[in-house]
J.: 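So that we are looking at the same thing, I have put the structure below in structure tokens.
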There are 2 protein chains.
Amino acid sequence: MPRKPASPPRQGPARTPARTPACRRSRAAATTGDEAAFLEAYDPSAYERLSVCVDVALLSAFEGHLFTAVVKRHEHPFQGKWALPGGFVRPDESLHAAADRVLAAKAGLDRVFVEQLYSFGDPSRDPRTRVISVAYYALVDCDRFPSPADTAGSVMSARIVVPWEGETGGPVQLVALNGSRVPLAFDHADILGMAVKRIRGKLDYTPVGFQLLPSTFTLRQLQDVHETVCGKALNKDSFRRKMLASGLLEATGDRQVDVEHRPAELYRFVKRSAV
Amino acid sequence: MPRKPASPPRQGPARTPARTPACRRSRAAATTGDEAAFLEAYDPSAYERLSVCVDVALLSAFEGHLFTAVVKRHEHPFQGKWALPGGFVRPDESLHAAADRVLAAKAGLDRVFVEQLYSFGDPSRDPRTRVISVAYYALVDCDRFPSPADTAGSVMSARIVVPWEGETGGPVQLVALNGSRVPLAFDHADILGMAVKRIRGKLDYTPVGFQLLPSTFTLRQLQDVHETVCGKALNKDSFRRKMLASGLLEATGDRQVDVEHRPAELYRFVKRSAV
DNA sequence: CTAGCATATATGCACAGCGCATCGAAGTCA
DNA sequence: TGACTTCGATGCGCTGTGCATATATGCTAG
């Protein structure tokens with residue numbers, strides 16, 4: 001515990017009556033009467049409202065690359081470009097529920113790992129009107145990653161090219177499986193870049209890598225996922241020791257089958273219940 | 001680099017025409033004509049809009065405790081409770097600009113370290129109407145922390161009591177300088193809790209601690225700040241070695257004055273320009 | 001003036017984690 | 001059967017960290 005004040009003592013609490021806040025009041029009645037009556041009479045249009053959408057960066061890893069799913073825009077703005085799955089937030093659903101709904105509707109996925117990423121609110125990010133985008137990222141193992149067959153061709157999987165190292169951050173590029181560049185709409189290249197940066201950082205101290213693997217996996221597969229996400233090679237032995245010492249892995253007793261070499265032990269992720 | 005596919009190869013790109021997205025179209029004209037004409041005719045009310053506000057958790061550290069600034073609510077809802085400085089986002093300002101504006105208007109602060117924290121969007125978090133709160137956290141050194149004299153008594157400083165250890169997370173409590181509990185409005189206890197959790201995590205790998213100190217400081221003061229934020233004691237020697245080895249500190253050559261013991265060297269934070 | 005005291009600052013040492021090299025084990029394939 | 005590949009374990013050196021110790025430097029009490 002600190003042994004010494006970092007600064008001299010401060011003033012007492014502000015007990016004097018506060019001034020009216022700088023923002024305009026929606027109704028003078030807000031300071032009188034009971035709360036129920038106030039809420040009954042409240043006019044939401046007192047402040048200008050904005051459009052709020054969620055955009056989901058769905059990430060998966062295979063063949064040493066990160067992939068994401070994008071949908072083609074057939075409408076203005078950015079007609080013909082590709083966008084992250086997204087949609088406007090409905091008045092009665094939470095932000096997280098909106099992200100789940102978008103994933104189910106556009107990628108046919110449910111029960112995936114979804115976490116909030118960042119909110120993008122530049123006034124000019126959407127040329128139509130002011131739209132705040134609450135971005136989420138989702139992680140699925142490659143077997144669940146949506147294929148054209150699942151989604152009737154409405155989504156395309158594209159490889160992520162990260163033009164920076166470590167956790168520098170910045171926008172990323174997308175390349176289609178035929179090698180052509182995929183142009184992204186809005187600020188979605190920034191959103192994807194931040195998603196990559198986020199999971200690179202999370203990989204060090206959270207078991208987020210398991211979200212990108214099937215229920216059982218070998219240590220080599222887990223390391224491949226980590227290397228794919230981080231974009232650099234890792235020491236094999238250190239990785240093994242660290243993972244086995246983490247207490248997050250449990251040996252299944254089974255081994256790989258149909259491999260051209262010595263089969264590796266299969267592990268599963270075990271949730272730390274009470275620590 | 002990964003030496004082996006983590007999964008068998010996948011399908012080619014989705015080249016079949018995409019279906020109409022699940023979300024309703026705002027206008028049938030969106031798929032025809034040029035983009036300029038579309039934007040001209042765009043109707044923002046096609047989707048229900050929401051209220052968006054920013055709330056700022058202003059944090060500072062002194063006397064071994066974390067402090068924040070709250071304003072008393074004189075209006076419904078939560079009349080009489082205390083809230084983080086906040087305000088609705090204006091249609092023409094970015095989210096970050098809104099946070100800066102709120103800090104300037106309610107705490108009289110500018111040029112402070114401000115970063116986005118998280119967006120809170122539970123449908124019932126504001127009883128008036130649907131309000132999305134994009135929360136920010138700001139860090140200032142204790143000398144710049146607003147006093148009642150600066151703000152005409154509209155803000156109160158309160159001590160943060162963190163009822164969890166490490167980076168567990170969860171809501172925190174606020175205690176006024178006279179020892180009484182400060183009841184918080186909305187979900188602001190959760191926002192504050194997440195702000196504390198965030199800077200605890202950031203402290204390990206970013207020079208965020210300097211934001212809580214004046215321009216020059218001793219190693220002891222820096223350690224005090226770290227201990228205050230993390231809520232636990234740190235090893236003195238390791239802390240000194242790590243900080244001096246980080247390359248982020250630069251000795252000023254000056255020393256403390258008017259202290260009752262050997263004066264310590266004063267350091268300043270040096271931005272890593274090109275590394 | 002001097003002894004005592006509190007704190008800063010430097011150094012030595014034990015231990016744990018990590019990178020690296022080596023070696024045996026266990027499969028497939030020619 | 002032997003070559004080849006990958007898995008999985010062991011040993012060694014380097015480095016960072018926690019802990020203990022020693023010295024330096026200012027103030028204060030007597």
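All heavy atoms count here, side chains included; hydrogens, waters and symmetry mates do not. If you're wondering where the values come from, they're calculated on a predicted model, not measured in any experiment. Throughout, protein chains are lettered first and strands after them, A, B, ... in sequence-line order, and every chain is numbered starting at 1.
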J.: Are B:I160 and B:Q173 packed together at the side-chain level, in the sense that at least one heavy-atom pair is separated by less than 4.5 angstrom?
T.: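 Result no, sub-4.5 Å side-chain heavy-atom pair not found.
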J.: What are the two closest non-hydrogen atoms of B:A135 and B:F120, and how far apart are they?
T.: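 Reported closest heavy-atom pair: CB-CE1, 3.8 Å.
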J.: Can you tell me which residue among A:I191, A:D55, A:L84, A:L95 is in a side chain to side chain contact (heavy atoms under 4.5 Å, CB included) with A:Y136?
T.: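 Per the side chain to side chain contact (heavy atoms under 4.5 Å, CB included) rule, the option paired with A:Y136 is A:L95, out of A:I191, A:D55, A:L84, A:L95.
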J.: Check the pair A:R159, A:E63 against salt bridge (charged side-chain N to carboxylate O under 4.0 Å, His left out), reporting the backbone distance first and the verdict last.
T.: CA-CA 10 Å; A:R159 183 165 58 87; A:E63 295 178 346; over 6 Å; no
J.: How close or far is atom C1' of C:dA8 from atom CG of B:L244, stated in whole angstroms?
T.: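 My rounded result for the distance is 12 Å.
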J.: Tell me the interatomic distance from B:H261, atom NE2, to C:dG4, atom P, rounded to whole angstroms.
T.: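 Checked: the NE2 to P distance equals 21 Å.
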J.: Once you round it to whole Å, what is the distance between P of D:dA9 and CE of A:M243?
T.: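 So the two atoms are 16 Å apart, to the nearest Å.
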J.: Does B:R241 contact D:dG18 through a side-chain donor or acceptor facing the base, at a distance under 3.5 Å?
T.: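 Donor-acceptor pair under 3.5 Å: yes.
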J.: Looking at B:K236, I'd like to know whether one of its side-chain N or O atoms comes within less than 4.0 Å of OP1 or OP2 on C:dA8.
T.: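 Affirmative; the distance criterion is met.
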J.: Which whole-number value in Å describes the distance from A:E265 CD to C:dA25 P?
T.: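 So the CD-P distance, A:E265 to C:dA25, works out to 18 Å.
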J.: C:dT9 phosphate, OP1 or OP2: any side-chain N/O from B:R240 under 4.0 angstrom?
T.: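 Yes, such a contact exists.
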J.: Could you state the atom-to-atom distance from CG of A:L249 to P of D:dG8 in whole Å?
T.: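 Taking atom P of D:dG8 as the reference, CG of A:L249 is at 12 Å.
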J.: Can you check the A:K242 NZ to C:dG19 C1' distance for me, whole Å?
T.: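 It is 11 Å, rounded to the nearest whole Å.
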J.: Give the nucleotide from the list C:dC18, C:dA26, C:dA10 with an atom nearest to the side chain of A:R262.
T.: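 Taking heavy atoms from C-beta onward, the closest nucleotide is C:dA26.
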J.: Which whole-number value in Å describes the distance from B:D237 CG to D:dA22 P?
T.: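 Going from CG in B:D237 over to P in D:dA22 covers 15 Å.
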